[in-house]
Amino acid sequence: VPDVSIAGYLISSRIGAVVYNFFHHQGIALGIGIAGVLMRNEALNLAAIMLFGHSALDRMFGYGLKYNSGFRFTHLGTIDRRTKT
């Protein structure tokens with residue numbers, strides 16, 4: 001499934017960063033997971049696992065939470081494909 005949270009960048013860098021960071025913040029995934037456990041809702045639990053796993057995988061590849069200055073600028077550093085091997 002494509003990462004639809006990137007669509008906010010079609011509007012502006014600021015909105016793109018806010019939308020992307022919301023869906024990739026691991027606290028959101030944990031909150032959804034806690035709600036799923038408390039409500040005994042398997043769909044929420046699955047959504048939480050998917051969100052947490054996706055955001056963890058993104059961080060492993062160097063795609064951190066975004067700054068307003070653009071998609072390439074993250075809390076883990078600047079994403080630059082030219083320097084990766």
Side-chain angles (χ1 to χ4, degrees):
V1 176
D3 193 347
V4 295
S5 64
I6 297 173
Y9 281 97
L10 296 172
I11 299 169
S12 74
S13 291
R14 183 179 172 278
I15 291 174
V18 169
V19 172
Y20 183 92
N21 290 343
F22 178 79
F23 285 104
H24 288 81
H25 193 283
Q26 292 177 338
I28 299 296
L30 289 174
I32 292 171
I34 291 169
V37 169
L38 294 176
M39 295 171 33
R40 296 185 177 135
N41 186 319
E42 291 180 10
L44 284 178
N45 289 336
L46 180 60
I49 290 168
M50 291 170 60
L51 282 171
F52 193 87
H54 177 91
S55 63
L57 188 65
D58 276 1
R59 282 175 178 74
M60 187 174 80
F61 289 126
Y63 295 96
L65 298 176
K66 307 300 181 210
Y67 292 125
N68 292 340
S69 51
F71 184 81
R72 294 181 34 227
F73 305 100
T74 76
H75 80 288
L76 299 176
T78 302
I79 300 168
D80 189 1
R81 291 183 180 208
R82 293 173 288 172
T83 60
K84 301 219 186 228
T85 57

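Keep in mind that what you see is a predicted model, and the values were worked out from it rather than measured. Every heavy atom of this structure was used, including side-chain atoms; hydrogens, water molecules and symmetry mates were not.
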I'd like to know if [Y] and [X] are part of one continuous hydrophobic network [Ile/Leu/Val/Met/Phe/Trp/Tyr, side-chain heavy atoms within less than 4.5 Å].
X     : Y     : answer
Leu44 : Phe23 : yes
Ile28 : Ile34 : no
Tyr63 : Phe52 : no
Met60 : Ile79 : yes
Phe61 : Ile6  : yes

Which label fits Phe71 and Tyr9: parallel for a plane angle under 30°, tilted from 30 to 60°, or perpendicular past 60°? perpendicular
Closest contact, heavy atoms only, [X] versus [Y]:
X     : Y     : value
Ser13 : Gly70 : OG-CA, 4.0 Å
Asn68 : Ala17 : OD1-CB, 3.6 Å
Ser55 : His24 : CB-O, 3.4 Å
Ala29 : Ala48 : O-CB, 3.3 Å

Is it the case that the side chain of Arg72 and the backbone of Thr78 share a donor-acceptor pair, with hydrogens and angles ignored and the cut-off at 3.5 Å? no
Quick check against the 3.5 Å criterion: does His75 have a side-chain atom that pairs as donor or acceptor with the backbone of Leu65? yes
Verify whether one side chain among Tyr20 and Asp58 offers a donor that lies under 3.5 Å from an acceptor in the other. yes
Answer whether the closest heavy-atom distance between the side chains of Val19 and Ser5 falls below 4.5 Å. yes
Flag side-chain contact, heavy atom, 4.5 Å: Leu46 against Glu42: no
More than 12 heavy atoms from other groups under 6.0 Å of CZ on Arg14: no
